[in-house]
Amino acid sequence: MGGGGGSSGVAGRDDDSHDALLDIDPIDTPEARLEFQNFVLGTAEQNIKLSGSTRPKASSTSWSGRGGYTRVDSNAALPASGAVLPEPVTRPSGSTNAFWTIEFYQQFFDVNTLDVADRMLESVLPRGVFMEKIGNNPDLYGPFWISTTVIFALFVTSTIAGSIYAYIHAIPFTYDMTLLTVAVSSVYLYVTVLPGILWTAGRYFGTPMKFFDLIDLYGYGMTIWIPVSLLCILPSELIRWVLIAAAFAISTFFKIQNILPLMSGTTHPTAKTTVVSIIAVAHLGLALLFRFEFFSFVANISGGEKGGSR
């Protein structure tokens, strides 16, 4: 009994000691409040905070326009809503390189096959939006290769048509290499000199035009002569006249349709008449040159006499 009582007494004293240790008055001072306070966010608040700080990860690739696909870091998070985004990088409309350097002309070959095909189609089926299509990206690739193709087509088709004519009339035929020289000089001069003349006229009348835009207009305007030269192989004078007249009308309309809007701001009374006359007369001269030089065939006969179709 005594031992039991002693044990109870010891247990009671231990409980009192534990109570004494745990029964500590709280320290109510500003320092204590700052040190021991614990701000615990609820689950909903945490989700709101996390959703506001980051967004879903970006795709691994993104389309960058004509240049193709650009790799994007899939681990990078997009900026929070309301953040200021950087300005997109755009292709400069001009070049700071001197015009006699190769770097200056590199910008005029920044086109792809779809661009060239679209501009060629617009020149054959004009809708008056060619200048909008080239925008700030005129090119020299299309005008150069189209003009070169026209030169090749004129010489080859003229030679083929002449040989057909000689075969039908049972007369010998010899190749005329001077036709190639005429084709090169006439086509290349036409697509470079005429834009220069119109550019000068625009400056004079107070409606400046971009020289390389005019190069594009005249270069792509030669597209119609490629199918016409192929069809003119047919041994029919009537068909040739109809084809050449149609090519002349379509190409002239294409040029006038796209140049006149550029002169809407001029106040000179004869400005538009002068420019239209330059376009029509020059193109008529080119069409007649094609007709009588390449699509009017003369075959050499033995003995030095000539016969043919004029």
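Quick note: residue numbers are just sequence positions, from 1. The shown structure was predicted, so the numbers you read here are calculated from the model rather than taken from an experiment.
A centroid separation of less than 6.0 Å is found between the aromatic rings of Y190 and Y218. For an aromatic pair to be called close, the ring centres must be under 6.0 Å apart, and W241 with F292 satisfies this.
The distance from the CD1 atom of I160 to the SG atom of C232 is 12.5 Å, given to the nearest 0.5 Å. Within the model, atoms OG of S229 and CZ of F295 stand 5.5 Å from one another, a figure rounded to the nearest 0.5 Å. Atom CD1 of I215 is separated from atom CZ of F144 by 13.0 Å, given to the nearest 0.5 angstrom. If you take CH2 on W225 and CZ on F248, they are separated by 8.5 Å, rounding to the nearest 0.5 Å. For the atom pair CZ of F155 and OG1 of T178, the computed distance is 8.5 Å after rounding to the nearest 0.5 Å. Distance check, rounded to the nearest 0.5 Å: OG1 of T157 to CD1 of I226 gives 11.0 Å.
Other residues, nucleotides and ligands contribute more than 12 heavy atoms inside 6.0 Å of the OH atom of Y188.
Of all the heavy atoms in G202 and M209, the pair that sits closest is CA-CE, 4.4 Å.
Between E132 and R127 there is no salt bridge, since none of the side-chain N atoms of the basic residue sits less than 4.0 Å from a carboxylate O of the acidic one. Look at D139 and R119 and you find a salt bridge, because one of the NZ, NE, NH1 or NH2 atoms lies within 4.0 Å of a carboxylate O, short of that distance.
Cluster annotation: W145 and Y220 are assigned to the same hydrophobic cluster (Ile/Leu/Val/Met/Phe/Trp/Tyr, side-chain heavy-atom contacts under 4.5 Å, transitive). Put simply, I197 and F212 are part of the same group of oily side chains (I, L, V, M, F, W, Y) that touch within less than 4.5 Å, one to the next.
At least one side-chain heavy atom of L154 sits less than 4.5 Å from a side-chain heavy atom of V187. Side-chain contact between I239 and L231: absent, with no pair of heavy atoms (C-beta onward) separated by less than 4.5 Å. A 4.5 Å side-chain heavy-atom check between I146 and M120 finds at least one atom pair inside the cut-off. Between K210 and P138, every side-chain heavy-atom pair lies at or beyond the 4.5 Å cut-off.
A donor-acceptor contact shorter than 3.5 Å links the side chain of S264 to the backbone of P261. Panel note: side chain H169, backbone Y165; a donor-acceptor pair is recorded below 3.5 Å. With T266 contributing its side chain and M263 its backbone, the two residues share no donor-acceptor pair below 3.5 Å. Looking only at distances, a side-chain donor or acceptor of N258 sits under 3.5 Å from a matching main-chain atom of F130.
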